[in-house]
Amino acid sequence: MPRSKAPLFWHITASAVALLCAFSATAASAQNQSAAERAATVPVFAESARQAPQPVTDDRGKTVLLAKPPQRIVSLLPSLTEGTCALGLCDRLVGVDRYSDWPAAVKKLPVVGGGLDPSVESIVALKPDLVLLSNASKVAERLEALGVKVVALEVKSQAGVHKVLGQLGQLLGVPPEQGSERVWRELQAGVVEAAQLVPASIKNTRVYFEVSRGPYAAGPQSFIGEILSQLGVGNVVPAELGPFPRLSPEFLLRAQPDVILLGNRSMQAATSYPGWNNLKAIKGGHLCVFSDQDSYTIVRPGPRMAEAAHLIAQCLVDKAPKKQGAEAQR
């Protein structure tokens with residue numbers, strides 16, 4: 001369970017998604033593993049395979065070059081925490097924000113506060129040689145003034161997930177074929193596996209995915225919207241509204257989606273939306289409410305994206321209205 005109350009919208013949308021970074025015990029067992037099964041294993045990166053860090057230009061437009069691979073990393077964004085672990089360097093993390101809770105090993109690390117406004121004193125006390133954070137964080141300049149190397153990275157799309165994995169690999173000295181490209185290939189394979197679970201009878205289903213109370217929804221340009229497209233279903237949110245638009249509750253009444261997907265905490269607010277009980281999806285029982293932990297898996301744009309795709313696919317299989325005959329083949 002998370003170590004605090006539900007994070008703000010920034011924490012769950014800026015933070016990605018099936019951690020497909022498993023090294024198998026043997027080649028034979030690797031061939032028999034699905035991408036979802038590989039997601040449960042966190043790799044360990046061999047020191048002998050490390051390369052020199054490469055310069056990275058972060059989302060602030062600042063170029064950072066480390067003299068040597070960092071040994072003490074503080075991560076202030078769950079997706080960057082998970083990305084570091086996906087590259088096999090969980091053991092380099094010495095501190096995290098309060099929302100980083102996966103993989104389980106990071107729960108034992110010192111917590112330095114929230115990602116937006118952590119304790120600078122707590123961070124400095126950990127003597128990091130690199131701090132990873134969001135571009136929205138308020139402490140980057142203060143840390144740099146104290147001589148701490150800072151890199152701000154953020155993701156809204158799948159292309160962004162790929163890019164950030166590559167940037168992390170450059171910073172941490174992990175060769176692409178052993179790090180970011182390996183993770184990306186396995187991640188994409190896992191999404192393809194998830195798409196194969198969705199039968200033709202529910203293809204083109206119109207879906208509404210609420211990311212956070214607001215309501216904030218996942219638009220087609222977001223990484224979640226891209227997963228929906230890869231699974232073969234539609235999105236009732238217009239693309240021109242952006243990746244994660246804030247909508248009026250009345251939007252649902254006009255859109256009348258076939259299936260509604262919500263996090264557990266969003267559900268608490270959604271039941272008070274105007275006309276909620278009159279929505280066709282609600283009347284028909286076409287509603288998925290994800291647990292907090294499953295919600296975090298889905299809304300964090302990082303290496304657990306294939307696991308997220310499997311969760312969404314299973315929801316659709318369980319809850320989407322089934323089309324019949326010729327309608328299912330359109």
Side-chain angles (χ1 to χ4, degrees), residues 7-16 45 50-87 89-90 92-100 112-176 179-181 183-184 221-223 242-244 300-303:
L8 299 173
F9 170 70
W10 171 84
H11 293 292
I12 62 176
T13 61
S15 36
F45 182 62
R50 185 170 297 219
Q51 64 183 19
Q54 303 296 312
V56 166
T57 300
D58 71 4
D59 287 350
R60 302 171 299 163
K62 293 192 175 184
T63 299
V64 178
L65 176 60
L66 303 176
K68 59 182 180 179
Q71 302 298 307
R72 300 183 61 81
I73 303 168
V74 171
S75 174
L76 302 179
L77 195 62
S79 57
L80 299 179
T81 303
E82 295 179 14
T84 300
C85 289
L87 298 178
L89 294 175
C90 245
R92 298 293 186 268
L93 291 168
V94 296
V96 292
D97 68 291
R98 69 168 63 99
Y99 303 110
S100 288
V112 297
L116 288 175
D117 51 358
S119 166
V120 171
E121 293 76 13
S122 297
I123 295 171
V124 172
L126 294 172
K127 299 180 180 179
D129 42 22
L130 177 64
V131 174
L132 302 171
L133 43 68
S134 160
N135 196 30
S137 183
K138 302 173 182 178
V139 298
E141 291 185 0
R142 291 175 61 192
L143 289 169
E144 287 176 326
L146 294 170
V148 178
K149 290 282 189 179
V150 171
V151 173
L153 301 171
E154 208 155 331
V155 176
K156 288 189 172 74
S157 66
Q158 289 190 24
V161 172
H162 191 190
K163 178 183 176 182
V164 167
L165 284 170
Q167 289 173 311
L168 284 174
Q170 289 176 296
L171 282 168
L172 306 180
V174 181
S180 60
E181 292 307 308
V183 174
W184 181 250
Q221 298 171 347
S222 69
F223 61 94
F244 295 105
R300 291 176 180 173

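All values below come from the heavy atoms of this structure, side chains included, with hydrogens, waters and symmetry mates left out.
One finds the CG atom of L165 at 6.0 Å from the CG atom of L87 (value rounded to the nearest 0.5 Å). For the atom pair N135 CG and L153 CG, the distance stands at 9.0 Å (nearest 0.5 Å). Taking CD of Q221 as the reference point, atom CD of Q158 lies at 13.0 Å (rounded to 0.5 Å). Once rounded to the nearest 0.5 Å, the distance linking CZ of R72 with CG of L130 reads 12.5 Å.
At least one donor-acceptor pair closer than 3.5 Å links the side chain of S75 to the backbone N or O of T81. Remark: the backbone N or O of Q71 is paired with a side-chain donor or acceptor of D129 at under 3.5 angstrom. At least one donor-acceptor pair closer than 3.5 Å links the side chain of S137 to the backbone N or O of G115.
In this structure, V74 and V94 approach most closely via the heavy-atom pair CG2-CG2, 3.9 Å. P243 and K156 get closest at one heavy-atom pair: CG-CD, 4.2 Å. Contact record, P118 with L76: CG-CD1, 3.7 Å, taken as the closest heavy-atom pair. Taking all atoms of both residues into account, the shortest heavy-atom contact from D59 to E154 is OD2-N, 2.7 Å. Between P78 and S100 the shortest heavy-atom distance is CA-OG, 3.3 Å. Heavy atoms only, all atoms of each residue included: Q170 and P55 are closest at NE2-O, 4.1 Å.
The shortest side-chain heavy-atom distance between V120 and L143 falls under the 4.5 Å cut-off. L93 places a side-chain heavy atom less than 4.5 Å from the side chain of C85.
Screening I123, I73, V150 for a side chain to side chain contact (heavy atoms under 4.5 Å, CB included) with P128, the sole residue that qualifies is I123. Of the residues listed (V155, D97, V164), the one engaging L80 in a side chain to side chain contact (heavy atoms under 4.5 Å, CB included) is V164, and it is the only one.
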Steps toward side-chain contact (heavy atoms from CB on, under 4.5 Å) verdict (L172, R92): CA-CA 10 Å; L172 306 180; R92 298 293 186 268; over 6 Å; no
Go through L168 and L132 one step at a time and tell me if the side-chain contact (heavy atoms from CB on, under 4.5 Å) criterion holds. CA-CA 9 Å; L168 284 174; L132 302 171; 3.8 Å; yes
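Within a 6.0 Å sphere centred on CD of E141, heavy atoms belonging to other residues, nucleotides or ligands number 12 at most.
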